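I'd like to ask you about the structure that follows.
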Amino acid sequence: MLLGVNVDHVATVREARKALEPDPAIATDLAVRGGADGITIHLREDRRHICDSDLKKIRRRVSIELNLEMAATDEMVGIALKTKPDLVTLVPEKRVELTTEGGLDLNKSGKKIKKAIDAIQGRGIPVSLFIDPSPADIQISKDIGAQMIEIHTGLYANAKGKKQTAELNRVRKSVKKALDLGLLVNAGHGLDYTNVKRIAAIKGMRALYIGHSIISNSIYLGLEKAVREMKKLIKSASKAKR
Ligand code: PXP
């Protein structure tokens, strides 16, 4: 099973200060060194974290799968055709949300999404639809021609105890239905170092897309070293003769 690492969260920290660092392109290099099978970035219409120059920079340096998450708008389809990611994942987008809150509403937006799928897959780039673990949405995904789906695991991730097991069963059933229909199946959202295990054990899953938890853990893994480096620098500068 493949792991796609979402580096948007690095750009979120950068944008909080409107600074140059941390750079999601450097985070991309480190994720590749750590064994990531893919890199995901979400170019939002409001450019609140990843911006167009990040996309260009990351496209140039990534030879593993670059998964571009985006809304099914004409602007984004144009950008995808120009930058040629290895995979496009269509997601719903609301200006006020903190993060993607649920799967696509295929009943409401199926026509618009099909138009985007035709344009992008017509140019040889596979399209994945980010959907809730719902048999009806899986059937529509197949009917409108998507090659892949990404099952939203947010409800599973946020649930506890029996409710989490019930959500897990919904995900399992959805994976089975999608595989039976010949779709490639991914999953993501809210997965962390604990709850990932039961999702990773599902047979037939192609890839998991994980961001927040990995970027959070990287702070814990790296902060001690970062402080030590700064301390060393200050110490040697304060000892130096002027
Ligand atoms: N998949 C999709 C479609 C997403 O929008 C996100 C969040 O950016 C993720 C996966 C990763 O979610 P998380 O950051 O909670 O791991």
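Both counts, for ligands and for their atoms, begin at 1 and track the order of listing. Numbers here are sequence positions counted from 1. As the structure is a computational prediction, the values presented were derived from the model and not from experiment.
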Could you check which of His152, His189, Glu150 puts a non-hydrogen atom nearest to atom 1 (N) of ligand 1?
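It is Glu150 that holds the nearest heavy atom.
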Does any N or O in the side chain of Asp54 come within less than 3.5 Å of the main-chain N or O of Cys51, such that one atom is a donor and the other an acceptor?
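Here the side-chain-to-backbone pair exists.
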Check whether Met205 and Leu181 end up in the same hydrophobic cluster, where Ile, Leu, Val, Met, Phe, Trp and Tyr are linked by side-chain heavy atoms less than 4.5 Å apart.
yes
Close N or O approach (Tyr209, ligand 1; < 3.5 Å):
no
For His42, state whether at least one heavy atom is located under 4.0 Å from any atom of ligand 1.
no
Lys177 NZ: over 12 foreign heavy atoms closer than 6.0 Å:
yes
Polar side-chain atom of Tyr156 near backbone of Arg170 as donor-acceptor pair, under 3.5 Å:
no
Flag His212 as yes when one of its N or O atoms lies below 3.5 Å from any N or O atom of ligand 1, and as no otherwise.
yes
Gap separating the CG atom of Asn158 from the CD atom of Glu167, nearest 0.5 angstrom:
9.5 Å
With no hydrogens and no angle check, is any side-chain donor or acceptor of Ser236 less than 3.5 Å from a backbone partner on Leu233?
yes
Under 3.5 Å between any N/O of Glu69 and any N/O of ligand 1: does that happen in this structure?
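Yes, there is a polar N/O contact under 3.5 Å.
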salt_bridge(Arg33, Asp29) N-O dist < 4.0 Å
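Looking at Arg33 and Asp29, the cut-off is not met.
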Hey, is His9 one of the residues with a heavy atom under 4.0 angstrom from ligand 1?
yes
The atoms of ligand 1 lying under 4.0 Å from a heavy atom of Val91, numbered in the order shown, are 3 (C)
Identity and distance of the protein heavy atom lying nearest atom 8 (O) of ligand 1:
Asn6 ND2, 3.1 Å
Aromatic plane relationship, His212 with His9 - under 30° parallel, 30 to 60° tilted, over 60° perpendicular
perpendicular
Sub-4.0 Å heavy-atom contact, Thr89 with ligand 1:
no
Would you say Gly190 and ligand 1 have an N/O pair spaced under 3.5 Å apart?
yes
Protein heavy-atom partner closest to atom 16 (O) of ligand 1 - residue, atom, separation in Å
Gly211 N, 2.8 Å
